[in-house]
Amino acid sequence: MKGIILAAGTASRLRPLTDHTPKCLLTVGEKSILQRTIDNLIKNSVTDLVVVTGYLGEQVEGFIIDNYPYLKVELVYNQQYAKTNNIYSLWLTKKFVVNHEILLLDSDIVFDRRVLGLLINSEYKNCLAVKSTEKLSAEEIKISLHSDNSIAAISKEVDPQTAMGESIGIEKFSTGFVLKLFDVLDKMILQENLNDIFYEAAFQRLIDNGAKLFPVSVGELKCLEIDFVEDFEKAAQEVVFMK
């Protein structure tokens with residue numbers, strides 16, 4: 001299994017914290033967000049990684065090289081980071097991850113390492129981590145379900161009143177799903193020029209074409225996406241409750 005970490009964004013909503021530091025290298029507690037993510041992967045025996053950088057990418061690359069020289073890490077630079085979204089960064093990993101199972105992670109999540117275990121050990125080959133313990137708004141990537149408990153819709157546009165919860169930005173995909181995913185990404189990027197949207201749009205196309213993707217609830221395990229300064233401050237308070 002390969003781990004993909006997407007760390008190319010400019011994180012403009014966190015300025016001035018990110019004026020000179022990429023979001024994933026902001027320190028929460030005693031570790032940066034990226035260090036927490038990589039350490040969580042290692043603790044779950046995922047040590048073959050692909051990391052996509054962009055904004056202040058040399059800092060991210062330097063951090064990984066200096067702190068994880070023993071890991072197998074492919075570093076991919078998204079030259080178009082300023083005008084693309086995470087769908088494009090994900091597409092750039094294609095040659096490194098096709099024909100592999102993957103764990104896909106956004107680089108701005110502070111989370112309990114046991115979340116990864118829930119996905120890795122899930123009965124579902126294709127699944128994503130969902131938090132359903134907090135009130136939902138227009139900001140979150142939300143999901144709704146089919147009657148068989150598979151995901152019917154995934155986007156910010158899902159009605160909070162009918163949503164099962166929030167997708168936190170951690171997914172597990174089988175080799176077969178990965179092949180189909182990159183076929184869809186090729187079409188969206190190369191033919192339709194859909195570079196500046198969220199990668200969940202590709203998941204939705206697969207779902208609409210019959211693919212099954214299932215939610216895995218994180219229950220009471222702590223996890224928090226860092227988008228705004230208040231998220232950063234909240235994460236600093238909650239990290240003490242995370243393993």
Side-chain angles (χ1 to χ4, degrees), residues 4-29 31-38 40-41 51-57 59-60 63 78 80-90 103-113 115-116 128-143 153-160 163-171 195-204 215 217-218 220-242:
I4 302 174
I5 303 174
L6 304 182
T10 58
S12 58
R13 294 182 294 185
L14 271 170
R15 297 190 186 279
L17 295 177
T18 52
D19 282 346
H20 306 290
T21 304
K23 186 190 334 188
C24 66
L25 291 185
L26 294 176
T27 299
V28 177
K31 296 181 179 181
S32 70
I33 301 171
L34 181 60
Q35 184 177 357
R36 291 183 179 280
T37 299
I38 295 176
N40 285 350
L41 286 164
V51 181
V52 183
T53 69
Y55 176 67
L56 300 177
Q59 291 187 35
V60 179
F63 176 83
N78 179 358
Q80 307 297 321
Y81 70 84
K83 55 184 179 181
T84 60
N85 209 320
N86 59 9
I87 192 171
Y88 188 79
S89 289
L90 175 57
L103 275 176
L104 173 61
L105 302 97
D106 295 335
S107 65
D108 59 354
I109 317 161
V110 178
F111 63 95
D112 191 303
R113 64 176 169 80
V115 170
L116 296 183
L128 52 80
V130 174
K131 179 169 64 173
S132 55
T133 56
E134 297 182 9
K135 185 176 180 180
L136 298 173
S137 68
E139 175 62 26
E140 294 87 17
I141 299 288
K142 299 171 288 293
I143 66 166
I154 177 168
S155 73
K156 287 190 174 185
E157 284 67 46
V158 171
D159 185 349
M164 176 263 187
E166 170 193 357
S167 175
I168 68 171
I170 305 177
E171 297 87 13
N195 300 327
D196 192 21
I197 59 176
F198 295 114
Y199 56 56
E200 285 85 2
F203 303 168
Q204 187 67 58
S217 173
V218 302
E220 298 298 321
L221 296 180
K222 297 292 185 181
C223 53
L224 184 66
E225 182 181 7
I226 311 297
D227 284 325
F228 303 99
V229 173
E230 51 265 36
D231 299 330
F232 180 71
E233 294 171 345
K234 183 178 180 181
Q237 296 172 351
E238 294 194 352
V239 73
V240 296
F241 301 105
M242 300 181 188

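As a basis for the values below, the full set of heavy atoms in this structure was taken, side chains included, without hydrogen atoms, waters or symmetry mates. Quick caveat: nothing in here was measured; it's all calculated off a predicted structure.
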**Student:** Quick check: does any side chain N or O of T18 sit under 3.5 Å from a backbone N or O of A11, one acting as donor and the other as acceptor?
**Tutor:**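 Answer holds: yes.
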**Student:** At their closest point, which heavy atom of L116 faces which heavy atom of F111, and how far apart are they?
**Tutor:**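 In this case the closest contact between L116 and F111 is CG-CE1, 3.7 Å.
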**Student:** Would you say E220 has more than 12 foreign heavy atoms packed within less than 6.0 Å of its CD?
**Tutor:**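 Result for CD/E220: open.
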**Student:** Roughly how far, to the nearest 0.5 Å, is the CD atom of E171 from the CD1 atom of I4?
**Tutor:** 9.5 Å
**Student:** Quick one: which of E200, E139, E140 gives a salt bridge (charged side-chain N to carboxylate O under 4.0 Å, His left out) with K156?
**Tutor:** E139
**Student:** Given 3.5 Å as the limit, does a donor-acceptor pair link the side chain of K142 with the main chain of S137, or not?
**Tutor:**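 Present.
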**Student:** Can you tell me how far CD1 of I33 sits from NZ of K23, rounded to the nearest 0.5 angstrom?
**Tutor:**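 One finds 7.5 Å between NZ of K23 and CD1 of I33.
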**Student:** Can you find a heavy atom in the side chain of V52 that is under 4.5 Å from one in the side chain of N86?
**Tutor:**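 Side-chain contact under 4.5 Å: no.
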**Student:** Rounded to the nearest 0.5 Å, what separation is found between the CD1 atom of I141 and the CD1 atom of I168?
**Tutor:** 13.0 Å
**Student:** Would you name the heavy atoms of T21 and L56 that are closest together and state the gap between them?
**Tutor:**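 So the two residues come closest at N-CD1, 3.5 Å.
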**Student:** Mind listing the closest non-hydrogen atom pair of L221 and V115 along with its distance?
**Tutor:** CD1-N, 3.9 Å
**Student:** Does any part of the side chain of L136, heavy atoms only, come nearer than 4.5 Å to the side chain of V158, both counted from C-beta?
**Tutor:** no
**Student:** Using side-chain heavy atoms (C-beta onward) and a distance below 4.5 Å, is F63 in contact with Q35?
**Tutor:** yes
**Student:** Below 4.5 Å, heavy atoms only, C-beta onward: do L105 and L41 meet side chain to side chain?
**Tutor:** yes
**Student:** Could you measure the distance from the CD atom of E166 to the CG atom of L128? Nearest 0.5 Å is fine.
**Tutor:** 11.0 Å
**Student:** Is the shortest side-chain heavy-atom distance between C24 and T37 below 4.5 Å?
**Tutor:**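 With C-beta onward as the side chain, the pair stays apart.
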**Student:** Looking only at non-hydrogen atoms, find the nearest pair between I109 and I170 and report the distance.
**Tutor:**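 Of all heavy-atom pairs spanning I109 and I170, the closest is CD1-CG1, 3.8 Å.
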**Student:** Rounded at 0.5 Å granularity, tell me how far CG in L90 sits from CG in D106.
**Tutor:** 9.5 Å
**Student:** Given V110, which of L26, I226, D231, N40 fulfils the side chain to side chain contact (heavy atoms under 4.5 Å, CB included) condition?
**Tutor:** I226
**Student:** Determine whether L224 and K234 satisfy the following criterion, side-chain contact (heavy atoms from CB on, under 4.5 Å), listing intermediate values before the conclusion.
**Tutor:** CA-CA 8 Å; L224 184 66; K234 183 178 180 181; 3.9 Å; yes
**Student:** With salt bridge (Lys or Arg N to Asp or Glu O under 4.0 Å) as the criterion, how do K131 and E225 come out once you've worked through the C-alpha distance, each side chain's angles and the decisive distance to 0.1 Å?
**Tutor:** CA-CA 11 Å; K131 179 169 64 173; E225 182 181 7; over 6 Å; no
**Student:** Just so I know, are the side chains of Y81 and T10 near enough to count as touching, which here means a heavy-atom distance under 4.5 Å?
**Tutor:**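 A side-chain contact exists here, since the closest heavy-atom pair is under 4.5 Å.
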**Student:** Identify the two heavy atoms, one from R36 and one from G29, that lie closest to each other, and give their separation to 0.1 Å.
**Tutor:** NH2-CA, 3.7 Å
**Student:** When you compare the side chain of D227 with that of D108, does any pair of heavy atoms fall below 4.5 Å?
**Tutor:** yes
**Student:** Nearest 0.5 Å, what's the OG-CD1 distance between S107 and I38?
**Tutor:** 10.0 Å
**Student:** With the side chain counted from C-beta on, respond yes when V229 and L14 share a heavy-atom pair under 4.5 Å apart, and no when they do not.
**Tutor:**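 Yes. Closest side-chain heavy atoms under 4.5 Å.
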